[in-house]
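Below you'll find the structure, written out as structure tokens, and then a few comments.
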Amino acid sequence: ARAAMSTFGTVFRVTTFGESHCKGVGAIVDGVPPGMELTEEDIQPQLTRRRPGQSTLTTPRNEKDRVTIMSGTEHGRTLGTPIGLFVPNEDQRPGDYKEMSKVPRPGHADYTYQLKYGTRASSGGGRSSARETIGRVAAGAIGEKFLRETFGTRIVTWVHSIGDVAIPDEVAAEAGPGWTREDVDRLG
């Protein structure tokens with residue numbers, strides 16, 4: 001079997017780790033310069049925004065998704081060394097997936113996971129679970145803070161439509177073309 005990588009980037013490099021029903025998930029973020037102020041409070045708001053169980057459209061899995069910075073900072077400032085981030089999986093139920101241990105779940109990435117890694121975690125999708133996005137979101141929060149503080153760059157995104165379902169025109173017009181993150185959270 002060939003090795004499959006879970007590392008992305010060159011100057012700002014992110015390696016994600018963990019599976020849906022193991023002890024936790026996280027990331028190693030390399031390329032953050034020394035001296036930048038950084039605490040869990042800088043990362044947590046973005047993880048809270050992606051947390052499951054907040055609507056009928058997401059999994060009912062109950063996770064707090066509280067991040068811990070394991071390394072790469074001291075006294076609230078980056079050291080210029082890799083930053084280790086960890087989020088524990090608290091609502092682990094690997095036994096819920098016994099019937100899917102032999103057959104990939106329809107509508108999930110189980111089959112492509114098996115092609116990439118040559119095996120797959122039968123308990124909830126493993127690396128193909130939405131839990132895997134935690135490391136990417138946490139790393140993105142660090143990158144976003146760096147861009148904002150260094151270059152004044154603000155990043156705001158939202159989904160305007162999926163297929164024929166769209167945000168009503170009157171809601172979109174309320175915030176105008178320059179939505180802020182607060183507008184997205186309030187109106188989106």
Side-chain angles (χ1 to χ4, degrees), residues 4-18 20 24-55 57-59 63-89 109 127-163 165-188:
M5 302 295 285
S6 296
T7 301
F8 309 90
T10 305
V11 176
F12 183 82
R13 196 168 186 87
V14 178
T15 301
T16 61
F17 64 85
S20 180
V25 294
I28 304 297
V29 181
D30 203 1
V32 179
M36 184 175 93
E37 290 183 9
L38 184 69
T39 66
E40 286 90 348
E41 287 72 35
D42 294 310
I43 302 166
Q44 192 58 52
Q46 292 294 57
L47 290 178
T48 299
R49 293 176 94 232
R50 71 139 309 277
R51 195 173 70 78
Q54 299 186 71
S55 82
L57 300 176
T58 65
T59 177
E63 297 281 0
K64 292 183 182 77
D65 288 353
R66 296 294 304 168
V67 68
T68 299
I69 298 176
M70 305 294 286
S71 63
T73 64
E74 185 176 72
H75 308 298
R77 292 198 173 272
T78 58
L79 297 171
T81 58
I83 298 169
L85 306 168
F86 182 73
V87 174
N89 287 331
R127 297 281 299 158
S128 63
S129 165
R131 303 269 319 140
E132 196 273 344
T133 65
I134 286 173
R136 297 168 194 257
V137 169
I142 295 171
E144 180 183 29
K145 179 173 182 165
F146 172 78
L147 290 171
R148 183 177 62 249
E149 290 182 354
T150 306
F151 302 105
T153 303
R154 294 192 58 90
I155 300 170
V156 180
T157 63
W158 68 93
V159 176
H160 177 270
S161 62
I162 299 175
V165 179
I167 294 175
D169 290 339
E170 59 274 9
V171 172
E174 185 175 332
W179 281 34
T180 64
R181 181 162 289 152
E182 293 75 21
D183 291 331
V184 171
D185 290 341
R186 182 174 53 86
L187 300 170

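Bear in mind that the values here come from a model prediction, so they are computed numbers and not experimental data. The analysis underlying the following values was restricted to heavy atoms, covering all of them including side chains, and did not include hydrogens, waters or symmetry mates.
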Margin query: The test is side-chain contact (heavy atoms from CB on, under 4.5 Å); show your working for V32 and L38 and say whether it passes.
Written below: CA-CA 10 Å; V32 179; L38 184 69; 5.6 Å; no
Rounded to the nearest 0.5 Å, the OG1 atom of T16 sits from the CD atom of E132 at a distance of 4.0 Å
Hey, does D42 have a side-chain heavy atom less than 4.5 Å from the side chain of I142?
no
Here the pair of heavy atoms bringing V67 nearest to Q44 is N-OE1, 3.0 Å
*Taking atom NE2 of H160 as the centre, does the number of heavy atoms from other residues, nucleotides or ligands within less than 6.0 Å exceed 12?*
yes
Before you tell me yes or no, could you show the steps for I69 and I83 under side-chain contact (heavy atoms from CB on, under 4.5 Å), namely the whole-Å CA-CA distance, both residues' side-chain angles and the distance that decides it to 0.1 Å?
CA-CA 7 Å; I69 298 176; I83 298 169; 4.1 Å; yes
Sorted by chain and number, sequence neighbours left out, side-chain contact (heavy atoms from CB on, under 4.5 Å) with P82 holds for I28, D30
Across all chains, not counting sequence neighbours, the salt bridge (charged side-chain N to carboxylate O under 4.0 Å, His left out) partners of R13 are none
Here the pair of heavy atoms bringing I134 nearest to R50 is CG1-NH1, 3.3 Å
**Request:** Decide yes or no on side-chain contact (heavy atoms from CB on, under 4.5 Å) for R181 and R49, but give the supporting numbers first.
**Result:** CA-CA 11 Å; R181 181 162 289 152; R49 293 176 94 232; 3.9 Å; yes
Residue pairs passing the side chain to side chain donor-acceptor pair (under 3.5 Å) test with at least one member in residues 76-86, sequence neighbours excluded, are E37-R77
Between the CZ atom in F17 and the CG atom in L85, the distance rounded to the nearest 0.5 Å is 7.5 Å
By side chain to side chain donor-acceptor pair (under 3.5 Å), E41 pairs with (sequence neighbours left out) T39
Hey, can you pull the donor-acceptor pairs under 3.5 Å for the side chains in residues 147-157, sequence neighbours left out?
residue: T150; atom: OG1; partner: F146; partner atom: O; Å: 2.8

Applying side chain to side chain donor-acceptor pair (under 3.5 Å) to T73 and not counting sequence neighbours gives none
Only one of T48, V25, V137, V87 passes side-chain contact (heavy atoms from CB on, under 4.5 Å) with D65, and that residue is V87
### Task
Could you give me the CA-CA distance, side-chain angles and deciding distance for R136 and V14, then say whether side-chain contact (heavy atoms from CB on, under 4.5 Å) is met?
CA-CA 8 Å; R136 297 168 194 257; V14 178; 5.5 Å; no
